[in-house]
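Each chain gets a letter, A, B and so on, in the order its sequence line appears, and its residues count up from 1.
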2 protein chains.
Amino acid sequence: MEFNQLYMFSKACEYGIRASIFIATKSSEGVRVGIKDVSKEIDSPEPFTAKIMQILTKNGIIASAKGVGGGFEVSKEAVKSIKLIQIVDAIDGNTIYKGCGIGLKECSETHPCPVHNEFKKIRELLLTMLTNTTLEELASGVNSGDFHLKILNKNE
Amino acid sequence: MEFNQLYMFSKACEYGIRASIFIATKSSEGVRVGIKDVSKEIDSPEPFTAKIMQILTKNGIIASAKGVGGGFEVSKEAVKSIKLIQIVDAIDGNTIYKGCGIGLKECSETHPCPVHNEFKKIRELLLTMLTNTTLEELASGVNSGDFHLKILNKNE
DNA sequence: TTAATTAAAGATAAATTTGTCTTTTAATAT
DNA sequence: ATATTAAAAGACAAATTTATCTTTAATTAA
Ligand code: FES
Ligand code: FES
């Protein structure tokens, strides 16, 4: 019925976040994971996910190792320090919480659009959330079984 | 630097919101506006904006009249009753405030993703804002000159 | 009734995002 | 050293979104 179907983040960013969290949970058990495991676990297309992994490693969010026993990991220090916003920034940029809600070339306090005041509140809440949420929190929620990275099928 | 460049709404939706507000401001002066005026005023591509107008009229958000003296308008009743959410729903659907933030097939209280609790707050604030904001409020802000629908160039 | 005007509809094209496939590079194990 | 493993890089393809162009339909004015 509607024209588009818009989510808060791009597919790439969704995969990036889910993958980072999964890798972090595995790293907490001391094991690296390959791209196959990642895409299987977070239910995402493997080659595309691999591209996203490259972005994340370039941005220092995850680390990778080639060869036998290689794969992706998040270091003990990184898992504590990495915030959700770093993942979003690396993949979707900062326009979701910086840009004007109705597409003016820039969001400005002195030349505001009609939704500026209300929109600002939402963006600030989003920014605060992204800035304060660590990979560690997210991963521990998954480790404890309280939160999930995919919807399970009947025979899984 | 980043992979994508993601905004809260699609271009189509941004144009739709800006156009609706502009048409409402003109309707408050009792005049219809053609697609040319609309796209000029909100600084958007004309043929694409025309498509968006079709969606908006089909959804009863704006009214259109063909022929001489025709164009788009928002009725006095509509401008009071139409909420921002109706425009967003018609163009971008409801996934931005209904769907899971990190792309699980559905957002569920009983099978939540790691960002669910924090994300819910943001979506709820967004939903409240969209639900409570009328076209009238937005248009009157523009009429009063406090808010703007585009960034002016030097010689405008 | 004819011409002019303006939105609707439909076809097409460009740009972007998402997804895939192949080759290369780096690391490990034998 | 050689073979094996696994990520990086690059080329390519599909899907979606954005944008344009042309034709049709409806309305008004003369
Ligand atoms: S100017 Fe539009 S959100 Fe600030
Ligand atoms: S399950 Fe992800 S936001 Fe609710």
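Heavy-atom distances to DNA chain D give each of A:Lys58 and A:Gln5 a nearest nucleotide, and the one nearer the 5′ end belongs to A:Lys58. Ranked by how close their nearest DNA chain C nucleotide is to the 5' end, A:Lys66 and A:Phe9 are led by A:Phe9. Each of A:Phe3 and A:Ile35 has a nearest nucleotide on DNA chain D; the 5'-most of these lies closest to A:Ile35. In terms of position along DNA chain C, the nucleotide closest to B:Val33 lies nearer the 5' end than the nucleotide closest to the other residue of the pair B:Val33 and A:Gly67.
Look at CD1 on A:Ile42: it is 14 Å from P on C:dT18, rounded to the nearest Å. Between A:Leu56 atom CG and D:dA7 atom P the separation is 14 Å, expressed in whole Å. Straight-line distance from the CD1 atom of A:Ile55 to the P atom of D:dG10: 14 Å, rounded to whole Å. Straight-line distance from the CD1 atom of A:Ile52 to the P atom of D:dA9: 14 Å, rounded to whole Å. Whole-Å rounding puts the A:Ile91 CD1 to C:dT17 P distance at 13 Å. If you take CD of A:Glu46 and P of C:dC21, they are 10 Å apart, rounded to a whole angstrom. Between A:Arg32 atom CZ and D:dA7 atom P the separation is 10 Å, expressed in whole Å. In this structure, B:Met53 places its CE atom 19 Å from P of C:dG10, rounding to the nearest Å.
Ranking D:dA8, C:dT17, D:dA19 by closeness to the B:Asn4 side chain, first place goes to C:dT17. Looking at the side chain of A:Lys11, the nearest of the listed nucleotides D:dT5, C:dT18, C:dT25 is C:dT18. Listed candidates were D:dA25, C:dT20, D:dT20. Nearest to the side chain of B:Pro47 is D:dT20. Of the candidate nucleotides D:dA26, D:dT20, C:dT28, C:dT28 has the atom nearest to the side chain of A:Val68. Closest contact between the side chain of A:Pro45 and the listed nucleotides C:dT25, D:dA26, C:dT20 involves C:dT20. The nucleotide whose nearest atom lies closest to any side-chain atom of A:Phe48 is, among C:dA7, D:dT18, C:dT18, C:dT18.
Using a 4.0 Å heavy-atom cutoff across all strands shown, A:Lys51 reaches at least one base atom of the nucleic acid. At the heavy-atom level, A:Ala50 lies nowhere under 4.0 Å from the strands shown. A:Ala12 comes within 4.0 angstrom of the backbone, heavy atoms only, and of no base.
Considering CD1 of A:Ile55 and CD1 of A:Ile87, their distance stands at 12.0 Å, rounded to 0.5 Å. The line from NE2 of A:His116 to OG1 of A:Thr110 is 9.0 Å long, rounded to the nearest 0.5 Å.
No hydrogens or angles considered: a donor-acceptor pair under 3.5 Å links the side chains of A:Tyr97 and A:Asp89.
An OP1 or OP2 oxygen of C:dT6 is reached within less than 4.0 angstrom by no side-chain nitrogen or oxygen of B:Ser64. Between A:Tyr15 and C:dG19 there is a side-chain N or O to OP1 or OP2 distance below 4.0 Å. Not one side-chain nitrogen or oxygen of A:Thr57 sits closer than 4.0 Å to the OP1 or OP2 atom of D:dA7.
Aromatic ring pairs are classed by plane angle as parallel below 30°, tilted from 30° to 60° and perpendicular above 60°; the pair A:Phe9 and B:Phe119 is perpendicular.
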Stepwise side chain to side chain contact (heavy atoms under 4.5 Å, CB included) check, B:Phe72 with B:Leu56: CA-CA 10 Å; B:Phe72 300 98; B:Leu56 294 177; over 6 Å; no
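A donor-acceptor pair is defined here as one N or O able to donate and one able to accept, closer than 3.5 Å; no such pair exists between the side chain of A:Asn59 and the backbone of A:Gln86.
Residue B:Gln54 places a side-chain atom within donor-acceptor reach of the base of C:dA9, judged by atom type and a 3.5 Å distance cut-off alone.
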